[in-house]
Amino acid sequence: MTAVVATNETILVVGGGISGMTAALEAAETGKRVVLVEKRPYLGGRVSQLYKYFPKLCFPTCGLEINQRRAKQNPNLTILTMAEVTGLAGDKGNYRATVKLSPRYVNANCTACGDCATAVTAQFDDEYNYGLGKRKGAYLPYRMAHPARYVLDPAIIGTPDAERAKAACRYDAIDLEMQEETIDFPCGAVIWATGWKPYDAAKIQPYGYDRFANVITSVEFERMADPTGPTGGKLVRPSDGKEAKQVAFIQCAGSRDRNHLLHCSRICCMASFKQCTYVIDAFGADARINVYYIDLRAIDRFEDFYQKVRANQNIKFIKSKPASITQDKDGSPVVHGVDTEGYQRFAEPHDLVVLAIGMEPAVDPASFPVPIVLNREGFIEAASANGGVFAAGGAADALDVNRAVQHATGAALRAIQVVNSVARAEV
Amino acid sequence: MGELNTAMIERYRNSFLKEVEANVEEGEWVKMCMQCGVCSGSCPLGKFWEHPPQEIFMMIRAGKREAVLQSESVWMCTSCYNCIVRCPRELPITHIMHGLAHYAKRLGLVPKTNPTAKFAQMFWDNLMVKGRVNELKLGLALYFMNGFGDGIKVALKNQKLGMAMMKTGRMNPKEAFGGHAVKDLAGFHKVLKKAQELEDARIAQNGPPAGA
Ligand SMILES: Cc1cc2nc3c(=O)[nH]c(=O)nc-3n(C[C@H](O)[C@H](O)[C@H](O)COP(=O)(O)OP(=O)(O)OC[C@H]3O[C@@H](n4cnc5c(N)ncnc54)[C@H](O)[C@@H]3O)c2cc1C
Ligand code: SF4
Ligand code: SF4
Ligand code: SF4
Ligand code: SF4
């Protein structure tokens, strides 16, 4: 049975992405007791799935590593992975949280030696790579995963693979008897940092994401660009593995559209500019890039980055939201539309189309496990009716990392104020 | 007709957009267009037009009154609804296109030789007689729209279609002699008269002040 030491001076953080980690660490480093609940088997959230960060084009692994080290060193922080909050009862300063823990089948003895993964045979779609690659049924979610502990896919439990994994482990780290658990514990304030998810591209019917192999999303493109990713960092066409030198980026794919997401996802213009540099880095003068847009939104200090990308002769900016995509006989996606500057029709073939997919809240508004005020897009509002529950980062809005982290720090401060007043009342 | 046009120009001197908003069906939506281009790219016929819908909306905002109201493009919409289902701002594009055509007609600005406008008038006149469309008469009228010789050619080309329509009962050769009417033809005309009254009242409200 998992035991959690907590009181109503404890801060519960839900979601261990960059926002949740930041809020948890900021609070824990002021001496508050913090419980961090993360659904995935590891921390870092969607940032861990990015290849590089705009605007500096540095690697997210760097910032994540610092946060992981801070987490390891802090005695005030309890981290629960493969865990979800299923209920929250009570009021500001006096809550009781219910958390469901899914079995990992691997305990703290694990040294991440990898022998279990070698021993098993069954393969599954790799969620870390958005399904672009496969992983084994015993796996480390990604090379820098924290906690650095393997996971057994529940689908292999009861199959010979599970026995093979167990037999291969020299550290007695595999426990096939682990069960799902539900625990509850008190807390005084909650930071809700469950982040975002990419909009379902298949719903944008005219773009044929579900019909054409060479139409992919921006989150998949991040994985493709990563040298440790499913293609070893090669930018290729999923249909035939040929180099993808002619790339189209389609902006506002799912965003700013009353048929899909109402809001502007704010980061996808910058994300596409960044991804243009991936293509230029890979193919230099041979790269041919078209960015199709309604308008380009590189806010405040990002303007410089945009100007640099814009200056590259191999990147064309076309003011047009494409109407549809078809596929030619070579499997090349053909982008159709009308250019707003001159109203010319175009039908442009490319090796690869990248949909700059919109960000929507990760938690479905219809099944939010705690009472909370959401706006019409499903993001959490800053409302006094939320009591001691404060949103942080992507759960509150479509934000880049810099803004998500600032927002998370603000949420930590609000939560600290709540538990401080609980502490004063108890003296 | 020419008078109404002059009156409207007087009244909305500086803003064609305001004129469209007040007088064209669904015209108040025009300002919501963000010029993304999806409708133009989606229109199956747009490539044959002078101005795709998106450009028409921009021209309205730019005050290009004559160019819009005399444009052939607003008469070309086939109501396929491709644009409406895709427009990210949910503009009722099809209705606006028809609304503009209708408004141009009221003002007497329809391009003289526009075939769609001609056909629409024929359809209307045909419908008015018996309260239902006489396919045979309408078809014949259409064939001979561009003169007798042309008509024979078109009719021969479409012989098969005509035969098929007769076989399935969609067209009856006897309809050439008078043709049958709706049950309550007088009632039908009353309905239309009432509709015209309502429409006139609406126009009076939005249009130029009495006496203008
Ligand atoms: C294509 C693309 C490229 C981008 N590139 C950049 C970039 O270069 N620079 C930049 O600054 N930003 C970039 N961003 C934005 C960046 O990804 C976000 O700012 C960042 O992920 C926000 O972090 P977060 O912690 O708020 O949310 P997330 O990263 O979504 O983390 C949320 C965490 O909560 C967990 N969670 C979800 N639901 C639950 C639940 N019910 N219970 C428990 N845990 C839960 C998730 O598993 C996840 O770990 C990019 C975005 C996209 C789409
Ligand atoms: S579970 Fe055992 S075999 Fe697998 S990585 Fe951990 S220590 Fe190695
Ligand atoms: S950031 Fe750019 S691509 Fe993303 S929704 Fe806004 S305008 Fe569209
Ligand atoms: S699709 Fe809608 S918003 Fe886009 S240009 Fe056409 S009318 Fe305007
Ligand atoms: S409804 Fe009319 S304007 Fe719209 S796509 Fe069809 S033909 Fe074009």
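Per chain, numbering begins at 1; letters A, B, ... match sequence-line order.
For residues 356-368 of chain A, the set of pairs meeting the side-chain hydrogen bond (donor to acceptor under 3.5 Å, both in side chains) definition, not counting sequence neighbours, is empty.
Using a 4.5 Å cut-off between heavy atoms, B:C83 makes no contact with chain A at all.
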Under 3.5 Å, which donor-acceptor pairs link chain A and chain B? Put them in a table for me, please.
unit_1	atom_1	unit_2	atom_2	d
A:R258	N	B:P88	O	2.7
A:R258	NE	B:E90	OE1	3.4
A:N259	ND2	B:V85	O	3.4
A:N259	ND2	B:C87	O	3.3
A:K321	N	B:C36	O	2.7
A:A323	O	B:R86	NH1	3.4
A:T340	OG1	B:Q35	O	3.3
A:T340	OG1	B:Q54	NE2	2.7
A:Y343	OH	B:Q35	OE1	3.1
A:R345	NH2	B:S40	O	2.8
A:R345	NH2	B:C43	O	2.9

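A:K274 pairs by the side-chain hydrogen bond (donor to acceptor under 3.5 Å, both in side chains) definition with A:E222, not counting sequence neighbours. With sequence neighbours left out, A:D400 forms a side-chain hydrogen bond (donor to acceptor under 3.5 Å, both in side chains) with A:R403.
Your options are A:A347, A:C252, A:P206, and the one with the most heavy-atom pairs under 4.5 Å with chain B is A:P206.
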